[in-house]
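Take a look at the structure set out below.
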Amino acid sequence: MDYLSELNPAQRQAVEATEGPVMVIAGAGSGKTRVLTYRIAHLINKGVDAFNILALTFTNKAANEMKERIAQIVGPSEARNIWMGTFHSIFARILRQEAERIGFPRDFTIYDTQDSKNLIKTIIKEYGLDDKIYKPGLVLSRISAAKNNLISVEDYKKSVNLIAEDRQSAKPKLVDIYDTYQRRLMKSSAMDFDDLLFKTNILLAKNPDILVKYQHQFKYILVDEYQDTNFSQYLIVKQLAAAYQNICVVGDDAQSIYAFRGANIQNILNFKKDYPDAKIFKLEQNYRSTKNIVNAANSIIELNKEQIKKEVWTDNEEGNKIEIYKASSDNEEGKIIANIILEQKLSKQLHNYDFAVLYRTNSQSRAIEETLRKKNIPYKIYGGTSFYQRKEIKDLLAYYRLAINPNDEESLKRVINYPARGIGKTTLDKISVAAVNSGKSMWEIIANIRNAGLGLNNGTLNKVSAFADMIKSFNVQVATTEAYELGNQIASTSGILKELYADKTPEGISRYENVQELLNGLKEFSETQKKIDPEKTPVLPDFMQDVALLTDQDNETDEDRDKVTLMTIHASKGLEFPYVFIAGMEENLFPSQMALHSRADLEEERRLFYVAVTRAKKQCYLSYATQRFKWGQQIYCEPSRFIDELNPLYIEHKYPVNRAKQTLGKESETRKSTPITPPKNLKKVSEIKSNPQESAFNLPISVGSLVEHQKFGVGEVLELENGKASINFKNAGKKQLLLKYAKLKLIS
DNA sequence: GTATTATCTAAGTCT
DNA sequence: TAGATAATAC
């Protein structure tokens, strides 16, 4: 395949300059992924062993797609050997391999943000501190920032500045929390997200033999989205690339949107300083969007001060202007979007997957979701509460985690009394105090509860040791029993399946289905693994290895194909859609209220807007609402400054005709009447019912009618007055019900 | 020890 | 509004 002929001169140069440091500044839609894939394929075609290539991407999904495309050029067996994935997943893999060098077991657990927050909460309580001052989220983000800048506990203690800052903000104990937090992670054989990078740095810095080993393994290093790397990531790459200097970074300073996570835009701005003889290529031709979109996007980003100069242009058609819609509320905004989707689909013969709705915050998804559901437009949501964050999934995964690593304290606390087995707070407190006092993990106490001398009564002792025995029995099988078999066994032995099966409410049924879905996933995993390597039994730890690092995007199924995409702008990075809506273009929302205080923050918001607009290929729509619900309260909003910042040449204000029924008191019509949230991004949403539980509003009910209510049973209607009914239920007595809300069935 | 009810508070973006 | 936690009753 003659891939080189598919490249423009700048792209081709970037692909062919395989030796030495290279930086590719890739404007939005300029074929960055193409350059990366062809560059890797080119390396392999030139005789480089795939095993010697390290490619760090921003999402696992991006990595997998790239691998597939490379496989088409060089063949699947070669492509499989490339080390390609996110920073977190690649270095988690390496840390497992070298675990003993940093004093961790190979099967360490990866704590997600919730686990970390819970642990911090526990520590704050143990210190007897006020969690109104020491807010767990804030404490965690401070610790996280420290780690991303490679500031260890010892460094922190020595830093006059940091200590002074903490004193200033009335949190002098912060460093002690940091200290304890790290110790507790260690005791739980766990690492948080930041540790994966932090400990990699330590591993490489403290073990010259290991550093040399990986330097020679990764002769060629590629980093995608370099503008979003933080100091910790930057240093890993720098250490690894030091021997051969065959490092290629690709990025766009204009799309740097992760400063809040420690990303340092200076990494890309300073590349030339780190590697003075670096070759720099600029990709400036946009192949994705219309002239109008590209020009509009350029007119935004021009306002930013800090940037590498470049001129993004396109040969594509002129296209339509960016349309701007004003809505009276967040629900109205959803309706406008839904109507445009329906109209466009009809007039242009489009698919649902041609559309994406982007927003600044996850909380905005609900209003849009509601209207799409009402109009029977299938959609999928990324982010928010993802599959792996659902309670029932986390519960089962906690058992899996515990089976693999019983020291995992957060999992232990999560399931020791779920399903309820009579081990309550008092007992748990005793165990946890004993653990802290003896320097042991909670599991070590529990595993030996009869000798712990906690003064528990016999009944409790039996319950605790029965639990411990169960976990032990899982634990001995972990290394040998086939993954799906053990996973299934755990699901039933633990009682989780039974517990969920017993719940026949719609939510309960969906929870049960979700767990089945997880088990299916596990089964599928086992089977694929067996196909790849029939010699080896796939075990649970293989499956669990980077479950904590998976996101919704990695979990896509075929059924998700023809749906409108809903996601945050952050999540949309690297993606493209023909028709893009950007909702919530309002001051204090976008730009976020918290970004108004500093120029740097505001510039990041502006880059975020740039990213959003440049996702669109054919048409981009902006919308804002003059009122919006926040915390159940209506607040007034003003249009975003970003609308004014767009060059008026490329935009057009639209005023949609108000649809038919503009009833007053539409409160109930728009807000209420939404039944249970359906399984959001889950498989089963395919058939969306607009309004399955009809309200009783339209039933021909009169005084004397016999009706049946879901909860109260059968009753007789005594009185009827403007939508309100007073009903005498046989079992539940007399009740006042609003027909609008009550779900009644007419019997006679 | 457990289930139910009342009260509080959160929503800024992500691996 | 909704989920998390504290208070209360059983």
Side-chain angles (χ1 to χ4, degrees), chain A residues 56-61 85-92 110-114 116-118 121 125 131-132 135-138 140-141 144 147-148 191-197 225 228-230 232-233 256-263 330 358-367 370 382-386 388-389 391 417-429 457 459-460 463 546-554 567-573 584 588-596 601 604-605 607-609 611-612 628-635 671-672 674 676-677:
Chain A
L56 297 163
T57 59
F58 202 73
T59 62
N60 287 308
K61 189 186 172 207
T86 62
F87 272 91
H88 288 87
S89 62
I90 292 280
F91 294 114
I110 299 172
Y111 272 11
D112 65 20
T113 311
Q114 202 49 54
S116 298
K117 254 190 213 162
N118 289 341
K121 225 181 268 176
K125 258 191 206 144
D131 64 359
K132 297 233 162 56
K135 290 191 177 150
L138 289 180
L140 179 62
S141 64
S144 166
K147 288 204 237 183
N148 283 328
M191 295 192 201
D192 68 12
F193 289 136
D194 305 316
D195 279 337
L196 296 174
L197 306 173
E225 309 283 8
D228 284 323
T229 51
N230 61 35
S232 189
Q233 294 168 318
S256 162
I257 54 173
Y258 279 98
F260 72 91
R261 202 167 89 182
D330 43 2
L358 309 181
Y359 35 79
R360 177 68 240 270
T361 68
N362 278 306
S363 55
Q364 286 167 256
S365 69
R366 186 189 313 162
E370 247 173 55
Y382 292 101
T385 30
S386 77
Y388 291 103
Q389 279 165 5
K391 184 190 172 304
N417 198 32
Y418 178 82
R421 47 173 73 87
I423 306 173
K425 195 173 175 301
T426 328
T427 314
L428 207 57
D429 280 348
N457 65 39
T460 313
K463 288 172 192 163
D546 33 34
V547 159
L549 303 174
L550 291 180
T551 63
D552 285 344
Q553 297 197 26
D554 304 322
M567 55 169 54
T568 63
I569 303 169
H570 281 90
S572 76
K573 192 169 80 154
N588 298 331
L589 182 59
F590 192 23
S592 158
Q593 191 164 19
M594 298 178 206
L596 300 180
D601 285 351
E604 176 148 319
E605 295 285 307
R607 290 192 296 269
L608 194 56
F609 185 40
V611 168
R628 176 179 295 280
F629 271 92
K630 197 176 185 183
W631 297 320
Q633 272 188 328
Q634 197 115 37
I635 54 156
R671 284 256 110 205
K672 193 65 195 167
T674 319
I676 334 89
T677 329

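Every chain is numbered from 1, with letters handed out A, B, ... down the list of sequences. Note that the structure is a prediction, hence the values are computed from the model and not measured.
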**Message:** Testing A/F260, A/F590, A/F58 one by one against A/H570 for a ring-ring contact (aromatic ring centres under 6.0 Å, His included), which residue passes?
**Reply:** A/F260
**Asked** Under 3.5 Å, side chain of A/D228 to main-chain N/O of A/E225, donor-acceptor pair present?
**Response** no
**Request:** Decide yes or no, distance alone: a donor-acceptor N/O pair under 3.5 angstrom between the base of B/dT13 and the side-chain of A/S592.
**Result:** no
Between the protein and nucleotides 1-4 of chain B, which nitrogen or oxygen pairs are less than 3.5 angstrom apart?
| residue | atom | partner | partner atom | Å |
| --- | --- | --- | --- | --- |
| B/dG1 | OP1 | A/T427 | OG1 | 2.9 |
| B/dG1 | OP2 | A/T426 | OG1 | 2.6 |
| B/dT2 | OP1 | A/G422 | N | 2.9 |
| B/dT2 | OP2 | A/N417 | ND2 | 3.3 |

**Spacing of A/Y258 atom OH relative to B/dT13 atom C1', expressed in whole Å** = 7 Å
**Request:** Run the numbers on A/T460 and A/N457 for side chain to side chain donor-acceptor pair (under 3.5 Å), then give the verdict.
**Result:** CA-CA 6 Å; A/T460 313; A/N457 65 39; 2.7 Å; yes
**Fill in**
Here the distance between atom P of B/dT13 and atom CG of A/N148, to the nearest Å, is 18 Å
**Complete:** Rounded to the nearest 0.5 angstrom, the CG-NZ distance for A/N230 and A/K147 is 12.5 Å
**Request:** May I ask you to establish whether A/K391 and A/Y418 are in a cation-pi arrangement, using a distance under 6.0 Å from NZ or CZ to the six-membered ring centre and at most 45° from the ring axis?
**Result:** yes
**Request:** Take A/K135 and A/H570, find for each the nucleotide of DNA chain B with the closest heavy atom, and name the residue whose nucleotide sits nearer the 5' end.
**Result:** A/K135
**Request:** State which of B/dT15, B/dC14, B/dA11 makes the closest approach to the side chain of A/S363.
**Result:** B/dA11
**Request:** Write down the atom of A/T568, the atom of A/T361, and the distance for their closest heavy-atom approach.
**Result:** CG2-C, 4.4 Å
**Asked** Under 3.5 Å, is there a donor-acceptor pair between the side chain of A/Q233 and the main chain of A/L197?
**Response** no
**Item:** B/dG12 base / A/E604 side chain donor-acceptor hit below 3.5 Å
**Value:** no
**Prompt:** For A/I257 and B/dC14, what is the distance between atoms CD1 and C1' respectively, to the nearest whole Å?
**Reply:** 10 Å
**Prompt:** Can a side chain N or O of A/N362 be found less than 4.0 Å away from OP1 or OP2 on B/dT13?
**Reply:** yes
**Asked** What distance do A/D330 atom CG and A/R366 atom CZ have between them, rounded to the nearest 0.5 Å?
**Response** 9.5 Å
**Fill in**
On DNA chain B, more 5' by nearest nucleotide between A/F193 and A/E605 is A/E605
**Protein-nucleotide distance (A/I635, atom CD1; B/dA11, atom P), rounded to Å** = 15 Å
**Request:** Specify the separation, in whole Å, of atom CD of A/Q114 and atom P of B/dA11.
**Result:** 10 Å
**Prompt:** Taking atom CG of A/L589 and atom CZ of A/R628, what is their separation to the nearest 0.5 Å?
**Reply:** 5.5 Å
**For atom NZ of A/K132 and atom C1' of B/dT7, their distance in whole Å** = 11 Å
**Item:** Phosphate-side-chain proximity, A/T568 and B/dG12, N/O vs OP1/OP2 below 4.0 Å
**Value:** no
**Item:** Rounded distance (nearest 0.5 Å) linking atom CG of A/N588 with atom CG of A/L596
**Value:** 6.0 Å
Can you pull every protein N or O that's under 3.5 Å from an N or O on nucleotides 8-10 of chain C?
none

**Item:** Distance, rounded to the nearest Å, where A/L140 contributes CG and B/dT15 contributes P
**Value:** 15 Å
**Request:** Compare side-chain N and O positions of A/K121 against OP1 and OP2 of C/dT5 and report whether any pair is under 4.0 Å apart.
**Result:** yes
**Closest nucleotide among B/dG12, C/dA2, B/dC14 to the A/R360 side chain** = B/dG12
**Prompt:** What is the distance from CG of A/L596 to C1' of B/dG12, rounded to the nearest Å?
**Reply:** 12 Å
**Message:** What's A/Q233 touching, base or sugar-phosphate or nothing? Going by heavy atoms closer than 4.0 Å.
**Reply:** nothing
